[in-house]
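Provided herewith is a single structure, encoded as structure tokens, for subsequent inquiry.
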Amino acid sequence: MRHTQLGRSGLKVSTACLGTMNFGMRPGMGPSSSGGFDETEAARIVDAFLEAGGNVIDTADAYNGGESERVVGRAVRGRRDSVVLATKAFLPQGPGPNDRGLSRAHLTRALEGSLRRLGTDHVDLYQCHQWDDSTPIEETMATLDGFVRSGKVRYIGCSNFTAAQIVESQWAAERAGGTPFVSLQPQYSLLARSIEAEILPVCRRHGLGTLVWSPLGGGVLAGRYRRGEAPGPGTRMARLRASPMPMARAWADGLLNEPNLVVAEHVAEAAAGLGATPAAVALAWVRRRPGVTSVVVGPRTLDQLRDNLAGLDLDLPPEVAARLDEVSRPARTAPVDGTRAGE
Ligand SMILES: NC(=O)c1ccc[n+]([C@@H]2O[C@H](COP(=O)([O-])OP(=O)(O)OC[C@H]3O[C@@H](n4cnc5c(N)ncnc54)[C@H](OP(=O)(O)O)[C@@H]3O)[C@@H](O)[C@H]2O)c1
């Protein structure tokens, strides 16, 4: 597997990043809507990923109530230094007003919690999971800079920030002479291309590499769902649709819409022509998009991981890539050009 520099930093990350949102089961509950599974399979996935040359593993304090971080920590024990361990903070860790967000109060406790669960003395890439409107960005960047100076964090990044939020963050860090972000973790796939308009250009300009999440649209691009048919048992969409949380059900409905399923049909058709799986074709497409540093795959099984890694190595014939580009192109991929208003 190839390794490339993460943004304007010296850190080298593999072209595949192992996403672990599926890892671990929420204490006292069965598999979560993200498909929590047993630890033996998680350990096998980590082994195979590292053996294939992957080095970056992504988790978050919020995944399965902290269980994902615990499972990852145990899986990398004894080889910690060969892994770029990435985690995130923002989402609620308790009921209190300071148990969430990007304040100094919360981030300081959140980092200690992540270090404890991961069983390590430092995080390689510490990411803000989302923007926090209620905390001045200067406070967040100064807190993160302090983590880097203390040695508990090596590099910092953000996730799901808008272009303006990225610029504000970098300028806040620069004004204070502090540590800038080196990465963004945005959603990106043939079903979600909005970052192409402004976010990717801003990342390039401001020195952020990208680790892109949900490259298979949660499995929709893997050809497992068909128009007019209910999601099959055991699939993520079936689990989300059965969730008591309205947000989870809405997320599944948003993904399983007609235009997305049409794109998935094009992917399946291209895959049949190439003798590859639809998942491999969808990953091959995203991997080669300009501005993508690493693709965060989210396998639930070892077989899925192997298929995903094969996809990242697949070279799509230019006409296939162009066709997929065309059938998935969002209505507008460039910012409005004010000088041509009225056209
Ligand atoms: N920063 C953020 O806000 C954010 C948000 C979401 C995710 N993430 C990160 O990104 C990672 C990946 O996201 P994701 O899990 O949504 O990615 P994804 O690759 O779009 O979806 C993964 C799902 O696709 C299916 N799948 C995967 N490989 C397959 C294959 N080869 N063949 C058939 N089906 C396959 C599985 O669904 P089934 O379970 O149905 O088998 C799996 O659970 C997460 O683990 C997490 O680290 C970050």
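FYI, side chains are in, hydrogens and waters are out, and symmetry mates aren't considered; it's all heavy atoms of this structure. Since this is a predicted model, take the numbers as computed values, not measurements. One-based numbering, in listed order, for ligands and for the atoms of each.
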Per atom 46 (C) of ligand 1, closest listed option by heavy atom (Tyr63, Tyr188, Trp213):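 That would be Tyr63.
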Going by the order shown, which atoms of ligand 1 are within less than 4.0 Å of some heavy atom of Arg300?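 Those of ligand 1 that fall under 4.0 Å from Arg300 are 38 (P), 39 (O), 41 (O).
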Under the rule for side-chain contact (heavy atoms from CB on, under 4.5 Å), what residues qualify as partners of Pro92, not counting sequence neighbours? Arg100
Is any N or O atom of Asn160, backbone or side chain, closer than 3.5 Å to an N or O atom of ligand 1?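 Between Asn160 and ligand 1 (N or O atoms, distance only) the closest approach is under 3.5 Å.
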Considering the heavy atoms of Asp58, write down every atom of ligand 1 situated less than 4.0 Å from one of them. 9 (C), 46 (C), 47 (O)
Among Gly218, Gly298, Pro278, Pro186, which one has a heavy atom closest to atom 21 (O) of ligand 1? Gly218
Short N or O distance, Gly234 and ligand 1, threshold 3.5 Å exclusive: no
Which atoms of ligand 1 sit under 4.0 Å from any heavy atom of Val296?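 Taking each heavy atom of Val296 in turn, ligand 1 has 9 (C), 10 (O), 11 (C), 12 (C), 47 (O) under 4.0 Å.
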Once you round to the nearest 0.5 Å, how far does NE2 of His3 lie from OG1 of Thr15?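 That separation rounds to 7.5 Å.
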Per-residue contact class, Leu216 against ligand 1 - non-hydrogen pairs under 4.0 Å: both
Residue-level breakdown please: for Pro215 versus ligand 1, do any non-hydrogen atoms fall below 4.0 Å on the side chain, on the backbone, on both, or on neither? both
Answer with side chain, backbone, both or neither: which part of Leu221 has a heavy atom less than 4.0 angstrom from an atom of ligand 1? neither
Is it the side chain (CB and beyond), the backbone, both or neither of Arg239 that lies under 4.0 Å from ligand 1, heavy atoms counted? side chain
Kindly state each residue pair satisfying side-chain hydrogen bond (donor to acceptor under 3.5 Å, both in side chains) with at least one member in residues 268-286, sequence neighbours excluded.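 Non-adjacent pairs meeting side-chain hydrogen bond (donor to acceptor under 3.5 Å, both in side chains): Thr277-Asp307.
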Distance filter under 4.0 Å to Asn308 heavy atoms, resulting ligand 1 atoms: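 Matching atoms, with element in brackets: 28 (N), 29 (C), 30 (C), 31 (N).
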Only one of Val281, Leu221, Val263 clears side chain to side chain contact (heavy atoms under 4.5 Å, CB included) with Leu324; which?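 Filter result, single survivor: Val281.
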Among Gln130, Arg224, Arg306, which residue places a heavy atom closest to atom 41 (O) of ligand 1?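 Considering heavy atoms of Gln130, Arg224, Arg306, the nearest to atom 41 (O) of ligand 1 sits in Arg224.
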With the threshold set at 4.0 Å, does a side-chain nitrogen-carboxylate oxygen contact exist between Arg227 and Glu265? yes
Considering only heavy atoms of Thr235, which atoms of ligand 1 have at least one such atom less than 4.0 Å away?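 Atoms satisfying the 4.0 Å criterion: 40 (O).
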State whether a side-chain donor-acceptor pair under 3.5 Å links Trp251 with Asp253. no
Mind running salt bridge (charged side-chain N to carboxylate O under 4.0 Å, His left out) on Arg44 and Glu41 for me, showing each step along the way? CA-CA 5 Å; Arg44 278 195 212 110; Glu41 187 72 347; 2.5 Å; yes
Please state which part of Met237 comes within less than 4.0 Å of ligand 1, counting heavy atoms only: side chain, backbone, both or neither. neither
In the structure I gave you, are the side-chain heavy atoms of Cys203 and Ile166 within less than 4.5 Å of one another anywhere? yes
Would Glu69 and Thr87 count as a side-chain hydrogen bond (donor to acceptor under 3.5 Å, both in side chains) if you check the C-alpha gap in whole Å, the side-chain angles of each, and the deciding distance to 0.1 Å? CA-CA 8 Å; Glu69 286 186 327; Thr87 192; 2.6 Å; yes
Quick one: which ligand 1 atoms are inside 4.0 Å of a heavy atom on Asn22? 43 (O)
May I ask you to check whether Thr135 and Thr140 show a side-chain donor-acceptor distance below 3.5 Å?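 No.
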Any heavy atom of Ala279 under 4.0 Å from ligand 1? The part involved is side chain
Asp124 bridged to Arg80 by N-O distance under 4.0 Å: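 Counted as a salt bridge, because a side-chain N and a carboxylate O are separated by less than 4.0 Å.
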I want to know if ligand 1 touches Val297 in the polar sense, i.e. an N/O pair below 3.5 angstrom.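 No - when backbone and side-chain N and O of Val297 are compared with those of ligand 1, no distance drops under 3.5 Å.
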Taking it one step at a time, do Glu196 and Arg289 satisfy salt bridge (charged side-chain N to carboxylate O under 4.0 Å, His left out)? CA-CA 10 Å; Glu196 291 173 11; Arg289 298 297 295 170; 3.5 Å; yes
Please state which option from Ser214, Pro231, Ala280, Gly219 has its nearest heavy atom closest to atom 14 (P) of ligand 1.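 Looking at heavy atoms only, the winner is Ser214.
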Backbone, side chain, both or neither: what part of Lys88 comes under 4.0 angstrom of ligand 1, heavy atoms only?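 Side chain only.
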Should the proximity of Gln127 to ligand 1, defined as any heavy atom under 4.0 Å, be assigned to the side chain, the backbone, both, or neither? neither
